[in-house]
Asker: 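The structure's right below; bear with me while I get my questions together.
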Amino acid sequence: MTADLVYVVAGGSLLLAIVLPALLSRWAVSAPMVLVGVGMLLGLTPLPDGLPLDPQENRAAIEHVTELVVIVALMGVGLALDRPLAVRDPRTWGGWAPTWRLLGIAMPLTIGAIALLGWWAGLPVAAAVLLGAVLAPTDPVLASDVQVAGPQTGLEEEVDEHDELRFTLTSEAGLNDGLAFPFVYLAILLATEGTLHAFGLEWFGLYVVLKVVVGVAVGIGVGRLLSLVAFRSRSASLRVAERGESLLALAALLAAYGVGEVAHGYGFLSVVACAMTFRSAERSHDYHAAMHEVAERLERLLTLFVLLVLGIALTRGLLDALDWRGVAIGLALLLVVRPVSGFVALAAFARRTHQTGGLDRGQQAAAAFFGVRGVGSIYYLAYASGEDPSLGLDWLWSTVGFTIVASVLLHGVLAVPVLKRVGSLDRG
């Protein structure tokens with residue numbers, strides 16, 4: 001592909017990214033579906049010749065690009081959530097009950113079920129665990145159709161979420177990306193260290209507990225510091241909220257992620273915790289909406305690029321290693337494993353819809369079903385492959401690629417009719 005043609009394709013694709021969300025808002029066609037389709041068509045032409053698409057040879061580039069997409073999306077998610085959550089105030093925890101259930105019950109069940117299916121398909125134990133860890137978390141990047149639209153600002157009354165279903169899906173997608181990491185590390189340790197009894201205590205203490213705590217603590221600290229500067233600094237030049245300097249969103253997500261990783265915590269959790277902590281300061285201030293808009297626009301641009309390249313890769317060899325086992329596992333995840341594990345997790349929380357943190361039966365089923373898979377899965381697989389090359393199997397890349405595309409199609413088609421049926425069509 002020549003440089004001139006790159007500009008042509010990028011310009012046309014950017015136009016699609018601008019007009020598609022509004023154009024497709026009431027149709028059973030999502031923007032990610034169209035963009036993947038455009039990429040697949042491009043892959044059938046001579047245009048992508050010379051474009052580096054092999055996941056094995058370009059693993060590092062794939063890892064860093066998808067890493068950036070995910071942390072930008074996580075910043076947007078954290079800023080979009082209106083419902084308060086304070087570590088030191090247990091009264092705020094109850095409204096997040098469905099989220100805790102999906103994180104603490106549905107995600108481990110999904111990891112275990114997919115790992116067993118991977119082992120049944122003939123994968124080594126480490127690769128099977130990695131498959132479960134990679135495919136278990138829902139994605140904050142491709143799930144915009146079923147998430148809250150953004151922060152409510154400019155209101156005098158107490159700000160809270162009014163759409164329980166969208167809030168549950170958004171908060172789950174924001175938090176489970178970081179919480180899947182312990183199981184990615186479990187797969188890496190199984191591949192490099194051997195059996196679980198040789199490192200079990202280290203894995204639990206370091207990767208399950210300490211890195212989670214450090215990641216959250218760093219995020220809270222960075223978010224609190226930035227909010228104090230932006231809203232309450234004694235120096236007018238530092239009170240960027242008064243000037244509406246929304247690029248602080250980018251500084252915040254990069255700082256939180258960087259400090260979290262340097263401190264050996266989970267940077268993904270640091271970004272979400274930072275955004276939510278910042279959101280808790282001056283909750284009705286319009287500055288939150290401005291910051292969220294910057295994160296959302298950047299996420300849209302980055303997602304455009306990833307979806308186009310994914311579509312091109314699909315018709316340029318990414319699915320060459322796919323067989324009926326990979327198809328069966330991907331469809332089982334989307335149609336059986338996630339819906340069943342999600343519904344089991346949420347079954348104890350059928351409340352009247354006017355109660356905070358409550359989901360009726362229809363909303364439970366929708367929350368269980370809409371476990372969108374996406375860019376985060378690509379990142380985890382690329383990261384693990386870099387830690388141990390034996391985990392970078394072509395079959396894993398093909399299966400994950402197929403599952404993401406199947407999720408984009410299935411959830412994209414059903415988002416509008418299902419949300420309309422359960423009363424969550426209008427984004428809040």
Side-chain angles (χ1 to χ4, degrees), residues 70-103 137-155 157-179 215-216 219-220 222-224 226-227 230-231 246 248-249 252-253 256-257 268-296 298-299 349 356-359 363 367 370 372 376 419 424 426-428:
V70 172
I71 63 175
V72 171
L74 292 176
M75 188 70 186
V77 165
L79 290 171
L81 294 172
D82 288 323
R83 179 163 297 167
L85 177 64
V87 175
R88 292 183 294 183
D89 186 1
R91 293 174 298 177
T92 64
W93 300 353
W96 292 65
T99 305
W100 306 141
R101 283 275 174 162
L102 288 174
L103 295 175
T138 58
D139 194 66
V141 180
L142 300 184
S144 59
D145 288 340
V146 295
Q147 293 182 355
V148 298
Q152 302 176 72
T153 59
L155 304 175
E157 65 269 20
E158 180 69 20
V159 176
D160 199 353
E161 301 289 351
H162 67 270
D163 191 322
E164 296 293 341
L165 173 58
R166 289 186 181 275
F167 167 74
T168 299
L169 292 170
T170 306
S171 55
E172 180 202 10
L175 293 172
N176 69 7
D177 264 302
L179 295 177
V216 172
I220 292 174
V222 173
R224 187 165 298 170
L226 292 177
S227 65
F231 292 107
S246 53
L248 180 63
L253 70 91
Y257 186 75
F268 286 171
L269 290 178
S270 297
V271 173
V272 179
C274 171
M276 291 174 60
T277 302
F278 194 95
R279 179 74 182 93
S280 67
E282 308 291 339
R283 298 187 63 82
S284 61
H285 202 290
D286 290 337
Y287 187 54
H288 296 296
M291 289 183 63
H292 177 265
E293 184 176 2
V294 168
E296 186 177 42
L298 180 58
E299 175 194 341
F349 285 87
T356 299
L359 296 170
Q363 291 171 331
F370 281 108
V372 181
L419 293 184
S424 294
D426 296 327
R427 298 178 68 188

Asker: Using 30° and 60° as the class boundaries, would you call the ring planes of H288 and F278 parallel, tilted or perpendicular?
Answerer: perpendicular
Asker: Give the minimum heavy-atom separation between S171 and T99, together with the two atoms involved.
Answerer: OG-OG1, 2.6 Å
Asker: What pairs with Y257 under side chain to side chain donor-acceptor pair (under 3.5 Å), at least two apart in sequence or on another chain?
Answerer: E67
Asker: Quick one: OG1 on T277 to CD1 on I220, what's the gap to the nearest 0.5 Å?
Answerer: 5.0 Å
Asker: Taking all non-hydrogen atoms of both residues, which atom of L165 and which atom of L359 are closest, and how far apart?
Answerer: N-CD2, 3.8 Å
Asker: Mind checking whether L253 and L74 have side chains closer than 4.5 Å, heavy atoms only?
Answerer: no
Asker: Between T138 and L169, is the side chain to side chain contact (heavy atoms under 4.5 Å, CB included) condition met? List the steps.
Answerer: CA-CA 9 Å; T138 58; L169 292 170; over 6 Å; no
Asker: Name all residues meeting the side chain to side chain contact (heavy atoms under 4.5 Å, CB included) criterion together with A252; count only those two or more places apart in sequence or in a different chain, and write none if there are none.
Answerer: M75, L226, C274
Asker: Checking R166 against L419 for the side chain to side chain contact (heavy atoms under 4.5 Å, CB included) test, could you report, in this order, the C-alpha distance in whole Å, the side-chain angles of both residues, the deciding distance, and whether it holds?
Answerer: CA-CA 9 Å; R166 289 186 181 275; L419 293 184; 3.2 Å; yes
Asker: Tell me the closest heavy-atom pair linking A256 and S270, and the distance in Å.
Answerer: O-CB, 3.4 Å
Asker: Can a donor-acceptor pair be found, under 3.5 Å and without considering hydrogens, that links the side chain of W96 to the backbone of T168?
Answerer: no
Asker: Search all heavy atoms of G95 against all heavy atoms of P98 and return the closest pair with its distance.
Answerer: O-CD, 4.3 Å
Asker: Where do V294 and S246 come nearest, in terms of heavy atoms and distance?
Answerer: CG2-OG, 3.1 Å
Asker: Taking C-beta and beyond as the side chain, do H285 and F231 meet within less than 4.5 Å on heavy atoms?
Answerer: yes
Asker: Check whether any side-chain N or O of D139 sits under 3.5 Å from a backbone N or O of G376 as a donor-acceptor pair, and report yes or no.
Answerer: yes
Asker: Please determine if R83 and E164 form a salt bridge, counting it only when a charged side-chain N lies under 4.0 Å from a carboxylate O.
Answerer: yes
Asker: Compare every heavy atom of L85 with every heavy atom of M276, then report the nearest pair and how far apart it is.
Answerer: CE-CD2, 3.8 Å
Asker: Quick one: does any side-chain atom of T170 pair with a main-chain N or O of V148 as donor and acceptor, under 3.5 Å?
Answerer: yes
Asker: To the nearest 0.5 angstrom, please state how far the CE atom of M291 sits from the CG atom of L248.
Answerer: 4.5 Å
